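Below is one structure, written out as structure tokens; comments come after it.
The first residue of the sequence shown is numbered 1, and numbering continues consecutively from there. Numbering of ligands and ligand atoms starts at 1, following listing order. Since the structure is predicted, the reported quantities are computational estimates derived from the model, not experimental observations.
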Amino acid sequence: MRDDDPRLPSSPAFWRSPLRGSWFTSVLGIVLLVGVTVLFVTGLVSYAAYNPDLSPVNDQTPDKGILGFYLFSWPTNPSWLYRATQGLHVTLGITLIPVLLAKLWSVVPRLFTLPPARSLAHALERLSLLLLVGGGLFEFTTGVLNVQLDYVFPGSFYPLHFYGAWVFFAAFAAHAALKLPTAVRAIRGRSQNGPETGLAAPRPDRPTVSRRGALWFVGGASLLLLVTTAGQSIGGALRRTALLAPHGGRDPGGGPNGFQINKTAAYAGIDAKETGADAWRLVVTGRTGTVRLSRAELLRMPQHSSALPIACVEGWSTADQWWRGVRLGDLAALVGHDGDPPDVLVESLQRHGAFRRAALRANQVADPRSLLALAVNGEDLSPDHGYPARIIVPAAPGVLNTKWVARLTFGDL
Ligand SMILES: Nc1nc2c(c(=O)[nH]1)N[C@H]1C(S)=C(S)[C@@H](COP(=O)(O)O)O[C@H]1N2
Ligand SMILES: [Mo]
């Protein structure tokens, strides 16, 4: 078998597209350099927002080791913080898909070059490209599946996407460091076709579209994805343009409770019998012991309002809703934590599923806008939004806003 037989993909002559070349690859590469870096940072930030170091119930990647070195206490300001970082993460990730695919297409001849390794250094380089391409495809695929579908991957999304991100970004950073000088030269240089990089076809077909035209096509595809996705986190009139929004099919209906529902009460196995006035009691435990409160008793405590969004890891968020209920700080004070409340473990009536418990940090409990909400937009919570009571905390990911709350345990976690 000869390497230069043009019928074989291992021969450069096999590849005929006149679009390939270092200019085309470099432009896409620079876009990805910026975009993937933002994805990596907003992804790490999202992980920190879960407060994984606070309690094992929050930690979806218990074996993270030193990869959690950067974790910090998630703040409560501004209240739209997670809405912005996670909306950016998901929208940008989806928008970059055409760029990623075009970039991979532009270098695909490289995949087939023979011999597989000319030297140890070359073998290592190709191995790192395997991690780069495999890692990139893995991160984009798991991300899209998590936001668009009922999750179908084996294993939990969080550890896969988290560890995958570190592998991918390490390979990505090494690749960027090696290639950046070449890419900058290719973009600056007048020649669109730096032959030294071996990306351009030696025997190209006649062009049907210019390289610039092809870039516009990729950019147009990205723009289309952007405008059909971004509305889910921006909201307002743009919500209707979010054709690609996850759960787009499930209509939350109108009225005060007519905003996005993640898991319904039926899905979570919440029986109306458990939430009725006779059955439901909130069990609050703290330094001075345990109190049990009916919904009527909670309503007799001072009621406060906060305008806060729900912002899910999946990238969608609601506009601010008017929540009304009892301050978490007041509930802490009821069980002996006056003034300076500690962390709290929140448990739902829900018996199964990863999101039935969540831990909140002291700074979140102390924020006067953090509520055990009983009502939203002037009406009792609907069963699907967490009746009889749910948590709402400013700037936190949706997953910390536990619905159908049954128990609050205050104390340092
Ligand atoms: N008990 C319980 N609370 C929960 C969940 C859940 O599955 N069970 N899902 C969480 C997630 S992931 C989100 S994004 C929000 C969504 O709240 P909503 O359905 O009222 O919009 O609820 C949170 N609270
Ligand atoms: Mo969520």
Side-chain angles (χ1 to χ4, degrees), residues 46-47 49-52 57-58 60 74 80-83 85-87 89-90 143 145-151 156-158 161 232-233 235 239 245-248 250-253 255-271 274-275 280 282 306-325 344-360 364 370-377 379-408:
S46 173
Y47 183 62
Y50 276 65
N51 279 337
V57 308
N58 286 8
Q60 311 278 338
W74 190 248
W80 43 263
L81 182 60
Y82 192 73
R83 209 183 160 195
T85 62
Q86 194 59 8
H89 183 76
V90 171
L145 288 176
N146 189 54
V147 300
Q148 287 296 339
L149 303 173
D150 284 318
Y151 192 67
S156 164
F157 166 75
Y158 297 88
H161 202 66
Q232 65 166 336
S233 34
R239 197 169 300 281
H247 320 300
R250 277 180 248 162
D251 184 0
N257 276 280
F259 56 95
Q260 177 74 55
I261 294 160
N262 182 296
K263 303 257 167 64
T264 62
Y267 181 95
I270 305 297
D271 192 329
E274 315 168 82
T275 59
W280 187 79
L282 176 73
S306 334
L308 296 173
I310 302 252
C312 181
V313 67
E314 294 168 357
W316 59 266
S317 53
T318 71
D320 284 359
Q321 312 293 325
W322 277 97
W323 305 93
R324 196 163 169 77
V344 66
L345 174 68
V346 181
E347 293 169 277
S348 172
L349 283 175
Q350 189 182 344
R351 269 165 225 95
H352 305 283
F355 303 154
R356 68 183 200 280
R357 298 183 302 177
L360 300 174
Q364 294 172 316
S370 298
L371 301 179
L372 181 75
L374 306 168
V376 65
N377 300 323
E379 205 174 72
D380 277 350
L381 292 173
S382 70
D384 288 340
H385 282 305
Y387 183 90
R390 82 171 300 165
I391 298 289
I392 186 81
V393 171
V399 66
L400 297 184
N401 296 324
T402 309
K403 305 198 273 192
W404 315 291
V405 172
R407 191 183 282 272
L408 300 176

**Study point:** R390 and ligand 1 - part of the residue with a heavy-atom distance under 4.0 Å
**Key:** side chain

Exercise for review: Return the residue, atom name and 0.1 Å-rounded distance of the protein heavy atom closest to atom 23 (C) of ligand 1.
Suggested key: G398 O, 3.2 Å

Point to revise | Ligand-side contact atoms (ligand 1) for residue partner W404, heavy atom cut-off under 4.0 Å | key: 1 (N), 2 (C), 8 (N)

Practice item. Go through ligand 1 atom by atom and flag the ones less than 4.0 Å from a non-hydrogen atom of S348. Key: 1 (N)

Review point. Do R351 and E274 sit within salt-bridge range, that is, some charged N less than 4.0 Å from a carboxylate O?
Key: yes

**Study point:** Candidate with minimal heavy-atom separation from atom 19 (O) of ligand 1, of K403, K263, E347
**Key:** K403

Exercise for review: Kindly compute the distance separating CG (N257) from CG (D384), expressed to the nearest 0.5 Å.
Suggested key: 8.5 Å

Revision key, fill the gap. So NZ of K403 and CG of N262: to nearest 0.5 Å the spacing works out to 6.0 Å

Point to revise | Steps toward ring-ring contact (aromatic ring centres under 6.0 Å, His included) verdict (W323, F259) | key: CA-CA 13 Å; W323 305 93; F259 56 95; 5.7 Å; yes

Study note, to complete from the structure: Distance col, row L400:CG vs N51:CG, nearest 0.5 angstrom, shows 6.5 Å

Check your understanding: How far is atom 21 (O) of ligand 1 from its nearest protein heavy atom, and which residue and atom is that?
Key -> Q260 O, 2.6 Å

Practice item. Check whether any N or O atom of H385, backbone or side chain, sits under 3.5 Å from an N or O atom of ligand 1, and answer yes or no. Key: yes

Exercise for review: Determine whether the side chains of S317 and R83 contain a donor N or O and an acceptor N or O closer than 3.5 Å.
Suggested key: yes

**Study point:** Identity and separation of the nearest protein heavy atom to atom 6 (C) of ligand 1
**Key:** F355 CB, 3.6 Å

Study note, to complete from the structure: min-distance protein heavy atom vs atom 8 (N) of ligand 1 -> Q350 OE1, 2.6 Å

Exercise for review: Report the part of N401 (side chain from C-beta onward, or backbone N, CA, C, O) that has a heavy atom under 4.0 Å from ligand 1; answer both or neither where that applies.
Suggested key: backbone

Practice item. Using a strict 4.0 Å cut-off to heavy atoms of T402, name the atoms of ligand 1 that fall inside it. Key: 3 (N), 24 (N)

Check your understanding: So which bit of W316 gets within less than 4.0 Å of ligand 1, heavy atoms only: side chain, backbone, both or neither?
Key -> side chain

Check your understanding: Is the shortest N/O to N/O distance between N262 and ligand 1 below 3.5 Å?
Key -> yes

Study note, to complete from the structure: OG of S233 to CH2 of W80, rounded to nearest 0.5 Å, is 13.0 Å

Practice item. Kindly say whether the aromatic ring centers of Y47 and Y158 come within a distance under 6.0 Å. Key: no

**Study point:** Heavy-atom check, side chain of S46 versus side chain of T85, under 4.5 Å
**Key:** no

